[in-house]
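As structure tokens, the structure follows; a few thoughts come after it.
Computation of the quantities below employed the complete heavy-atom set of this structure, encompassing side-chain atoms and omitting hydrogens, waters and symmetry-equivalent molecules. Here is the naming used below: chain letters follow the sequence lines, and residue numbers restart at 1 for every chain.
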Amino acid sequence: MPVYALVDANNFYVSCERVFRPDLEGLPVGVLSNNDGCFVSRSAELKALGVKMGQPFFETRDLVRRHKVHVFSSNYALYGDMSSRVVACLHGFTPSLEVYSIDESFLDLTGIGGPLPAYAADIRARVKRWTGIPTCVGIGPTKTLAKLANHAAKKALLDPSGVCDLSDPAVRARVLPQVPVADVWGVGRRNAVRLSQLGVTTAADLRDLDPRLARQALTVIGERLVQELRGLSCLSLDRMPSPRRSVAVTRSFGQPVTEWDTMRQAVASHAARAAEKLRAEGMVAEALHVFVRTSRYRPGPACNDSVTVGLQPASADGFVLIAAAANAARRIWRDGVPFSKAGVILTGLRPADRVQADLLDTTDRAKAARLMAAVDAVNSALGRNTLVSAATLGHGWRMRQNNRSPSYTTRLADLPVARA
DNA sequence: TCTGGGGTCCTAGGACCC
DNA sequence: TCTGGGGTCCTAGGACCC
């Protein structure tokens, strides 16, 4: 029987900020989404004050002032770098590891000698010592049970050790009835409502549900969930991430955009960034999707339009994608509408070295590729956006970021200074 | 005034082909 | 009068995840 462990950082973004601000330990701290819109990470102290995941920042201004909450804009360069440090540390514990998200990894611990909880405690201790990041560890014979064990460890359902081992069916029998079905990995809000109509409200109920009924209610995912909760492993460890299928760059605007020129700059900028990501992975895209939309919350007529254009030949050329995105956006642009968000999504991705040549294409593709490589080299050496297409210039749409922390680990100028 | 961003998977339905 | 069946591929939409 396999043994999986899920190592998950505790309120990861907040923990990253605290590594460089140890004075914030024990105080309420939150990290906001792009545009300083919503809370996406909360310290235990902030959760205790009643601030919810995804709650809009503006709703909490009073509370933030009253309780002196420390609020950060998100700093993805920092979180990404801290994440790779955690993963590097975890590699010391198993050769078989799946990086599931920026703050979670599944480890295959099958065949580890000795007691698993002690091993998990070692993992927690070393990650904390080497990176400063606190974690919890859940253990189980399936990924779904390891995930659930992690949930139990975080909520201290059995004990406050930060580790929960659900290998033993007797322990599972004590924990599963305590977990609401909506907290099971893969269930979600909508499915929880459907399941409640079948009388299923806890993880234990779902485990005991007839797999055929689970399939009816939740498709094959539901049937798989039941089996995984029973200890029958259906999901294997994914060590090699499959090649990605899409690249998206979407942003809400700092303020509503009503000028075409501003929208054009935003869409060009998103397209350029998407092309960069594509080139960094050695891929090209066959299709480009652009959308523009008004705010979901603002009263008045809503507008939510999109258009997809094919790219022939498939491309990751910044200038090609900027032109395609701007043309596409022009087709759905409407004068006088207060747009709040726009995005560029690239699909039909394939390796750049396997592009179908186009006999009718007279542009010098090799030359264009050399230009892009030069742009990437300059930006890599001197910082992102050192060299950009003029089409992306203009700041009318840029997002708010009023509380951003320094890039302690990825920018020389922001290196923390130690005084002794 | 102020409400995130980037992904994946599954299914249904239509187009198309033989 | 009476008009097949099976397969693949693609897309849009809906659900989920962090």
Side-chain angles (χ1 to χ4, degrees), chain A residues 6 8-13 30-42 51-62 64 71-76 79-80 83 98-106 143-144 147 150-151 154 181-195 215-225 234-235 238 241-256 270 273-274 277-278 281 286-287 289 291 293-299 304 306-308 310 338 340-349 399-403:
Chain A
L6 178 66
D8 189 331
N10 303 346
N11 37 63
F12 181 57
Y13 297 170
V31 174
L32 301 176
S33 65
N34 272 328
N35 229 9
D36 289 349
C38 312
F39 284 92
V40 292
S41 184
R42 303 154 297 148
V51 173
K52 301 291 178 212
M53 181 67 176
Q55 184 166 357
F57 177 41
F58 73 85
E59 288 179 7
T60 67
R61 299 244 187 222
D62 274 357
V64 163
V71 176
F72 290 93
S73 303
S74 33
N75 183 347
Y76 290 107
Y79 312 147
S83 174
E98 172 187 344
V99 177
Y100 176 66
S101 76
I102 193 164
D103 72 330
E104 289 171 73
S105 292
F106 284 103
K143 287 169 94 174
T144 303
K147 190 88 179 155
N150 192 283
H151 176 83
K154 283 222 162 101
V181 76
D183 292 346
V184 174
W185 188 36
V187 172
R189 222 183 67 245
R190 284 301 238 279
N191 286 335
V193 170
R194 256 185 224 176
L195 287 170
R215 189 181 188 119
Q216 258 174 37
L218 270 59
T219 78
V220 296
I221 295 174
E223 184 172 356
R224 203 164 57 201
L225 269 174
C234 306
L235 300 167
D238 196 4
S242 39
R244 74 151 95 213
R245 308 176 64 83
S246 65
V247 164
V249 177
T250 71
R251 289 284 179 283
S252 296
F253 302 131
Q255 48 195 321
H270 299 348
R273 177 74 193 114
K277 288 192 194 179
L278 218 47
E281 305 208 8
E286 279 176 342
H289 181 81
F291 73 82
R293 71 151 58 138
T294 51
S295 168
R296 284 180 296 168
Y297 307 97
R298 196 181 263 261
N304 190 356
S306 67
V307 58
T308 304
S340 70
K341 182 172 180 174
V344 172
I345 302 170
L346 305 176
T347 57
L349 307 192
M399 58 188 183
R400 291 181 296 273
Q401 276 208 319
N402 294 326
N403 304 287

Answer yes or no: is there a donor N or O on one side and an acceptor on the other, between the side chain of Ser340(A) and the main chain of Ser295(A), under 3.5 Å?
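Answer holds: yes.
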[X] has an atom [atom1]; how far is it from atom [atom2] of [N], in whole Å?
X: Tyr297(A); N: dT1(B); atom1: OH; atom2: P; answer: 16 Å
X: Lys341(A); N: dG4(B); atom1: NZ; atom2: C1'; answer: 6 Å
X: Glu286(A); N: dT11(C); atom1: CD; atom2: C1'; answer: 14 Å
X: His289(A); N: dA12(C); atom1: NE2; atom2: P; answer: 8 Å
X: Asp36(A); N: dG5(B); atom1: CG; atom2: C1'; answer: 14 Å
X: Arg293(A); N: dT3(B); atom1: CZ; atom2: P; answer: 13 Å
X: Ile345(A); N: dA12(C); atom1: CD1; atom2: P; answer: 12 Å
X: Phe253(A); N: dC2(B); atom1: CZ; atom2: P; answer: 15 Å

For a stem of at least 3 consecutive Watson-Crick or G-U pairs with distances under 3.5 Å, i pairing with j, i+1 with j-1 and so on, which stems involve DNA chain B?
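Result, WC/G-U stems under 3.5 Å: B:5-18 with C:5-18.
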Distance, P atom - from dC17(B) to dT3(C), rounded to whole angstrom
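Taking atom P in both dT3(C) and dC17(B), they lie 24 Å apart.
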By nearest nucleotide on DNA chain B, pick out whichever of Tyr13(A) and Thr219(A) is the more 5' one.
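Nearest nucleotide further toward 5': that of Tyr13(A).
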Among residues at least two apart in sequence or on other chains, which ones pass side chain to side chain donor-acceptor pair (under 3.5 Å) with Thr308(A)?
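Result, side chain to side chain donor-acceptor pair (under 3.5 Å) vs Thr308(A): His289(A).
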Going by side chain to side chain donor-acceptor pair (under 3.5 Å), name the residues that satisfy it together with Gln401(A), two or more places apart in sequence or in a different chain.
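With neighbours one apart ignored, the set is Arg404(A).
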Take the angle between the ring planes of Tyr76(A) and Tyr13(A) and call it parallel below 30°, perpendicular above 60°, tilted in between.
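The arrangement is perpendicular - the two ring planes meet at more than 60°.
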What verdict does the side chain to side chain donor-acceptor pair (under 3.5 Å) test give for Asp36(A) and Ser73(A), after you've listed the backbone C-alpha separation in whole Å, the side-chain angles of each residue and the deciding distance to 0.1 Å?
CA-CA 6 Å; Asp36(A) 289 349; Ser73(A) 303; 2.7 Å; yes
Filtered N/O pairs between nucleotides 6-9 of chain B and protein, under 3.5 Å:
from: dG6(B); atom 1: OP1; to: Arg251(A); atom 2: NH1; distance (Å): 2.9
from: dG6(B); atom 1: OP2; to: Thr250(A); atom 2: N; distance (Å): 2.5
from: dG6(B); atom 1: OP2; to: Thr250(A); atom 2: O; distance (Å): 3.0
from: dG6(B); atom 1: OP2; to: Thr250(A); atom 2: OG1; distance (Å): 2.6
from: dG7(B); atom 1: OP1; to: Arg244(A); atom 2: NH1; distance (Å): 2.5
from: dG7(B); atom 1: OP2; to: Ala248(A); atom 2: N; distance (Å): 2.6
from: dG7(B); atom 1: O5'; to: Arg244(A); atom 2: NH1; distance (Å): 3.0
from: dT8(B); atom 1: OP1; to: Arg245(A); atom 2: N; distance (Å): 3.1
from: dT8(B); atom 1: OP2; to: Ser246(A); atom 2: OG; distance (Å): 3.2

Does Arg251(A) qualify as a cation-pi partner of Phe253(A), given the criterion of NZ or CZ under 6.0 Å from the six-membered ring centre and within 45 degrees of its axis?
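Geometry flag: not set, cation outside 6.0 Å or 45°.
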Scan nucleotides 13-18 of chain C nucleotide by nucleotide, 5' to 3', and note B when protein non-hydrogen atoms come under 4.0 Å of the base, S if they reach only the sugar-phosphate, - if neither.
--SSSS
To the nearest 0.5 angstrom, please state how far the OG1 atom of Thr144(A) sits from the CG atom of Leu6(A).
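Output value for this atom pair is 10.5 Å.
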Residues in salt bridge (Lys or Arg N to Asp or Glu O under 4.0 Å) contact with Arg273(A), at least two apart in sequence or another chain:
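Applying salt bridge (Lys or Arg N to Asp or Glu O under 4.0 Å) to Arg273(A) gives Glu276(A).
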A quick test of your reading: do over 12 heavy atoms of other residues, nucleotides or ligands sit less than 6.0 Å from CD of Gln55(A)?
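Counting other residues, nucleotides and ligands, CD of Gln55(A) exceeds 12 neighbours.
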